[in-house]
Amino acid sequence: MNHATNITWQTSQVTQAQRQRLLGHRSAVLWFTGLSGSGKSTIANAVEKALYDRQISSYVLDGDNVRFGLNQNLGFSAEDRTENIRRIGEVSKLFVDAGVLTLTAFISPYRADRDQVRARLGASEFIEIFVDTPLAVCEQRDVKHLYAKARRGEITGFTGIDAPYEAPKRPEITIDTSQQPLATSVEQILTYLTANGYLTAPNGVAAP
Ligand SMILES: Nc1ncnc2c1ncn2[C@@H]1O[C@H](COP(=O)(O)OS(=O)(=O)O)[C@@H](OP(=O)(O)O)[C@H]1O
Ligand SMILES: Nc1ncnc2c1ncn2[C@@H]1O[C@H](COP(=O)(O)OP(=O)(O)O)[C@@H](O)[C@H]1O
């Protein structure tokens, strides 16, 4: 890959804190990780709706959708997954800078890739949500019939079957969708955001 030279970081006249104040809440990325069918998209979309209802500016970056566009040149090799997550991390960082509560729903199977995204964001801007639904439950749901294909050998390198998933060591939030209904998961996340001050504007920022 070629790296650009002769580039300079362009600073903005408006700060991230000012954008957050304008919107009335803080920004961060809610990074969902877990097996296919664990419930990442379902929960992320329900949280986005709940935040919208509270007039919080949020946006879901979803696995398949991003792969149709931005990352359409990437497959599922370890290298491509790493690049997939790196790009999504950078897009998330821009969204967070814009003041938006950003939700991402990607398997993101490699711990090092997720930790790299965490390192690119500010201290409290990366909230890792481990959707820890057992493989057997995900496989039984088989929403997209991909587990059946993987078991038949029609897909190789499928996460949880013949490709690895590395569970987070210290996620901010853990959810097992086989143990609780969707509404409880949404409430769990909203409670975390409220308790940690994400749903109110940062103090001490001078009005323009
Ligand atoms: N080999 C293989 N392994 C895992 N998943 C596969 C594979 N091939 C296709 N799919 C479908 O792609 C979705 C996962 O894409 P992601 O971008 O989230 O994957 S990753 O984070 O780069 O690992 C995943 O969707 P979700 O069910 O939303 O997770 C699958 O539908
Ligand atoms: N308690 C629950 N929470 C979230 N999803 C659930 C729950 N129970 C069953 N499901 C179902 O599990 C599936 C999860 O699929 P999806 O959200 O696409 O997962 P992922 O994005 O992790 O691949 C959906 O069909 C959803 O309706």
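Just follow the structure's listing: the first ligand is 1, and inside any ligand the first atom is 1. We use all heavy atoms of the structure for the numbers below, so side chains are in, but hydrogens, waters and symmetry mates are not. What you see is a predicted model; the values in this text were computed from it and never measured.
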- Which atoms from ligand 1 have a heavy atom of Gly157 less than 4.0 Å away? 1 (N), 2 (C), 3 (N)
- Item | Side-chain donor/acceptor of Arg141 to backbone N/O of Gly37, under 3.5 Å | yes
- Task: For ligand 1, indicate whether the residue Ile85 contacts it via side chain, backbone, both or neither (heavy-atom separation under 4.0 Å).
- Result: side chain
- Which residue and heavy atom of the protein sit nearest atom 2 (C) of ligand 2, plus the separation: Thr177 CB, 3.6 Å
- Those atoms of ligand 2 less than 4.0 Å from some heavy atom in Val143: 13 (C), 15 (O), 25 (O)
- Query: Side chain, backbone, both or neither: which part of Phe158 comes within less than 4.0 Å of ligand 1 when only heavy atoms are counted?
  - Reply: both
- Note on the structure: So the atoms of ligand 1 within less than 4.0 Å of a heavy atom of Pro109 turn out to be 21 (O), 23 (O)
- Heteroatom distance test (Arg67, ligand 1): nitrogen or oxygen, under 3.5 angstrom: yes
- Ser38 heavy atom under 4.0 Å from ligand 2: yes
- Task: Do me a favour and list the nearest non-hydrogen protein atom to atom 1 (N) of ligand 2 with residue, atom name and distance?
- Result: Gln180 O, 2.9 Å
- Heavy atom of Ala163 under 4.0 Å from ligand 1? no
- Minimum non-hydrogen distance to atom 15 (O) of ligand 2, winning option of Thr33, Thr42, Leu146, Asp176: Thr42
- Side chain His25, main chain Gln20, donor-acceptor under 3.5 Å: no
- Quick note on ligand 2: atoms under 4.0 Å from a heavy atom of Ser36 include exactly 23 (O)
- For atom 19 (O) of ligand 2, what's the nearest protein heavy atom and its distance? Gly39 N, 3.1 Å
- Task: Could you list the atoms of ligand 2 found under 4.0 angstrom from a heavy atom of Leu182?
- Result: 1 (N)
- atom 24 (C) of ligand 1: closest protein heavy atom, distance to 0.1 Å, is Ser36 OG, 4.0 Å
- Query: What protein heavy atom is closest to atom 18 (O) of ligand 2, reported as residue, atom name and distance in Å?
  - Reply: Ser41 CB, 4.0 Å
- Task: Could you name the option among Lys144, Glu83, Arg114, His145 that has the heavy atom nearest to atom 26 (P) of ligand 1?
- Result: Lys144
- Task: Look at the side chain of Arg19 and the backbone N and O of Asp97, then say whether any donor-acceptor pair between them is shorter than 3.5 Å.
- Result: yes
- Message: Working to the nearest 0.5 angstrom, can you tell me the gap between Glu187 CD and Leu182 CG?
- Response: 11.5 Å
- What protein heavy atom sits nearest atom 23 (O) of ligand 1, and how far off is it? Arg81 NH1, 2.8 Å
- Message: When you compare the side chains of Thr174 and Asp132, does any donor N or O come within less than 3.5 Å of an acceptor on the partner?
- Response: no
- Shortest heavy-atom approach to atom 5 (N) of ligand 1 - which of Ile107, Asp62, Val131, Asp113: Ile107
- Has Gln55 got more than 12 heavy atoms of other residues, nucleotides or ligands less than 6.0 Å from its CD? no
- Query: So which heavy atom in the protein is nearest atom 7 (C) of ligand 2, and how far is it from that ligand atom?
  - Reply: Arg141 NH2, 3.7 Å
- Item | Nearest candidate to atom 19 (O) of ligand 1, where distance is taken over non-hydrogen atoms, out of Phe32, Phe76, Phe106 | Phe76
- Message: Apply ring-ring contact (aromatic ring centres under 6.0 Å, His included) to residues Phe32 and Phe106 and explain how you reach the verdict.
- Response: CA-CA 7 Å; Phe32 292 79; Phe106 301 89; over 10 Å; no
- Any heavy atom of Leu146 under 4.0 Å from ligand 1? The part involved is side chain
- Query: Would you say the side-chain atoms of Lys93 pair up with the backbone N or O of Val117, donor to acceptor, closer than 3.5 Å?
  - Reply: no
- Find all atoms of ligand 1 within a distance of less than 4.0 Å from any non-hydrogen atom belonging to Gly37, and give their numbers and elements. 27 (O)
- Message: Give me the nearest non-hydrogen protein atom to atom 23 (O) of ligand 2 as residue plus atom name, then the distance to 0.1 Å.
- Response: Gly37 N, 2.7 Å
- Query: Should you measure from each heavy atom of Leu35, which atoms of ligand 2 turn up under 4.0 Å away?
  - Reply: 22 (O)
- Message: Pairing donors with acceptors under 3.5 angstrom, does anything connect the side chains of Ser27 and Tyr198?
- Response: no
- Query: For ligand 1, is any non-hydrogen atom under 4.0 Å from Thr159's backbone (N, CA, C, O), its side chain (CB onward), both, or neither?
  - Reply: both
